[in-house]
Amino acid sequence: MPALPQLLEALAARASRQMVLGLDATRAALARLGDPQRALEVVHIAGTNGKGSTSAMVECIARRAGLRTGLYTSPHLCRFAERIRLDGAPIDDDAFAAALERALTAGPALTFFETLTVAGFEAFARARVELAVLEVGLGGRLDATNVVDAPRCTAVTGIALDHVKILGGDLASIAREKAGIFKRGAPVVLGPLAPEARAAILEVAVAMGAAPVVDAPPAPAAMPIGLPGAHQRRNAGVAGAVARVLAARWPAMAGAIEPGLAAVRWPGRLDIEGTRVVLDCAHNAEAAEALAAALPQMGLQPAQTCLLYGALADKPWAEMLARIAPLAARRVYTEPAGRSPAPLAELARIADGETIADPSRALAHALAAARGGALLITGSSYLVGALRGVLVGERCDPVIAL
C-alpha cells in the first residue's frame, strides 16, 4: 500500500477536477467496494450554517450514549483526516491510508470531495460504527453524501443565501436543494426557518413521503452547551430533537442529550485558544451576524480587541466585514490561501486597518497589536484553519479551496 503522504498527494490532485453535482460516480465507486454505506445507520444533516456544529453535537450525544460513532464533515481546518472521525477523533493514519487507497482505486474519475466521501463510508463500515453522522458538503440533493437510501433521521439546520450560483438565488430554491436529502419514511428535524424556506421544505417532505417532520426550538437557556453563542443554542435544539428521534432505536440517546451537549467541542467555531485568541469560521453574511451577536455575550469589548480578517473574493466579504469591523478597535487584513482572496485595499476602505498579505506575518503582527487584549481571527475557514495550526503547533495539509 502506498504511504499516506503519496495518497494525500493523489487526493489533492483531484481538487483541480471540475465539480459536477450528481451521484452516479459516487454510487458506482461504492458499488465496486460492496456498497459500504448500506451497512451503516445514518443521520444526515444539511443547512447553510450550523450543520457542522449540529453534526458534532449529535455525534457527541451518541458517544455519551455508548455508541461507536463515525462523523463525516467538511471542510477540514488543518488536516484532511479531520473530515473522517471515529469515536470523536480524526481517523488514524493507517486506517485513513487504507480507506483512501480503496476510494482512489474504486473511483479513478472521482472529484476530491467524492473521493473523501467514499473513503469515509469505507472507513465507517470497516470500523463497524453503530451510528454515522454525515454533514452535507454542498446543497443536499446532488451532494455526494446523498447516496444513503434509508437514513435513521435527516435534518436541516437553517437556510440562508450562499452558493447562489449553484443552489439558486432565493431561499425557497436553496431550501428545496437541501431538502433533497429527505427519504421516504425517515423523520425530518428542522431548525428555525424563514416562512418561504419552511414552505418549500415541507413541500419536498410531502412529495418524498418523509415523516414525521419535527420543528426544533432552541435549547433552553439554562442548559449547558459546550459551544458558545445564541446560534449554537439553535443548533443544539436541532441536535437534541435528532437524538430524541434516535432514542426509538437507542433508548440511551434520550438521557445523553444534556451531557453530550455540555461536552461537545468543535474547533474553529468561537474557538478560544489560550486566553486571548478567538477563532471563528464566519464565512458568509448570516454567520458574520451570529458572530457579532455572540462576542459581546463572551465579554469581548471592541476597545480591547484586534481583528485579523481575510475572506475569499467569491463570498459577500464587504457585507461580512461591515458587520464584523465594529467588534474591534484595531484591524489587520490578510489573504487566505486557496481561491482568489478579497482585495486588501478594498477591505481597508470599508473599515480602516493594516494590510499584510502573508497570513503568518499578519498573525504575528496582530498578536502584537492586540497588546494583551483579545485577537479575533475570522473570515475564510481556510484562514482560520491555517492560523489555528500555527497557534497550536500542528502542521497542516495543503489548502484545498473548492
Side-chain angles (χ1 to χ4, degrees), residues 75-79 82 228-229 267-285 287-292 294-296 298-401:
H76 61 279
L77 286 180
C78 195
R79 296 175 54 236
E82 295 168 15
R269 285 74 175 179
L270 283 175
D271 179 16
I272 301 173
E273 292 297 331
T275 58
R276 51 187 292 241
V277 180
V278 178
L279 304 102
D280 191 79
C281 300
H283 65 285
N284 57 35
E289 184 67 33
L291 172 62
L295 287 183
M298 297 172 65
L300 270 69
Q301 302 300 319
Q304 287 80 46
T305 302
C306 177
L307 170 67
L308 176 52
Y309 183 84
L312 298 178
D314 58 1
K315 294 291 184 177
W317 46 267
E319 181 182 355
M320 293 157 57
L321 180 59
R323 188 65 185 90
I324 292 172
L327 303 175
R330 301 194 65 178
R331 305 171 198 96
V332 180
Y333 301 119
T334 192
E335 295 181 342
R339 301 192 299 273
S340 298
L344 297 185
E346 292 300 317
L347 294 175
R349 286 194 189 99
I350 294 170
D352 185 53
E354 301 171 87
T355 61
I356 302 174
D358 179 76
S360 295
R361 288 183 53 237
L363 174 61
H365 183 78
L367 284 168
R371 294 175 182 168
L375 172 60
L376 170 63
I377 303 173
T378 190
S380 167
S381 300
Y382 304 108
L383 176 68
V384 170
L387 296 186
R388 186 177 187 276
V390 173
L391 290 166
V392 302
E394 185 174 15
R395 190 167 76 83
C396 292
D397 291 329
V399 170
I400 303 293

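Taking CG of Asp280 as the reference point, atom OG1 of Thr378 lies at 5.0 Å (rounded to 0.5 Å). Residue Leu375 holds its CG atom at 11.5 Å from CZ of Arg330, rounded to the nearest 0.5 Å. Considering CG of Leu367 and CG of Leu387, their distance stands at 9.0 Å, rounded to 0.5 Å. Taken to the nearest 0.5 Å, the CD atom of Glu354 stands 3.0 Å off from the NE2 atom of His365. Here the OG1 atom belonging to Thr355 is positioned 9.0 Å from the CD atom belonging to Glu335, to the nearest 0.5 angstrom. Atom CD of Glu319 sits about 9.0 Å away from atom CD of Glu289, to the nearest 0.5 Å.
Here the shortest heavy-atom pairing between Ala362 and Leu308 reads CB-CD1, 3.8 Å. A pairwise comparison of heavy atoms in Gly229 and Ala294 identifies CA-CB, 4.0 Å as the closest pair. When all heavy atoms are compared, the tightest approach of Leu307 to Ala325 is CD2-CA, 4.3 Å. Of all heavy-atom pairs spanning Tyr309 and Trp317, the tightest one is OH-O, 3.6 Å. Nearest heavy-atom pair, Val384 versus Ile377, reported as atom, atom and distance to 0.1 Å: CG2-O, 3.9 Å. The two residues Ser381 and Pro75 come nearest to each other via the heavy atoms CB-CG, 4.3 Å.
Here the side chain of Arg388 pairs no donor or acceptor atom with the backbone of Ala386 at under 3.5 angstrom. Between the side chain of Arg331 and the backbone N or O of Asp352, at least one donor-acceptor pair lies under 3.5 Å. Here the side chain of Glu82 pairs a donor or acceptor atom with the backbone of Cys78 at under 3.5 angstrom. Within the 3.5 Å criterion, the main-chain N or O of Cys306 finds no donor-acceptor partner in the side chain of Arg371.
Taking 4.5 Å as the limit, every side-chain heavy atom of Ile356 sits out of range of all side-chain heavy atoms of Leu344. Proximity of Val278 to Thr305: side-chain heavy atoms (C-beta onward) are nowhere separated by under 4.5 Å. Within the 4.5 Å cutoff, the side chain of Leu312 has heavy atoms near those of the Pro336 side chain. Side chains of Leu363 and Thr334 form no contact here, defined as non-hydrogen atoms less than 4.5 Å apart.
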- Message: I'd like to know whether Leu321 forms a side-chain contact (heavy atoms from CB on, under 4.5 Å) with Leu347, so could you lay out the CA-CA distance, the side-chain angles of the two residues, the decisive distance to 0.1 Å, and finally the verdict.
- Response: CA-CA 8 Å; Leu321 180 59; Leu347 294 175; 3.7 Å; yes
- Query: Under the side-chain contact (heavy atoms from CB on, under 4.5 Å) criterion, do Val277 and Asp271 qualify, and how do the steps go?
  - Reply: CA-CA 8 Å; Val277 180; Asp271 179 16; over 6 Å; no
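Residues satisfying the side chain to side chain donor-acceptor pair (under 3.5 Å) criterion with Asp397, sequence neighbours excluded, are absent altogether.
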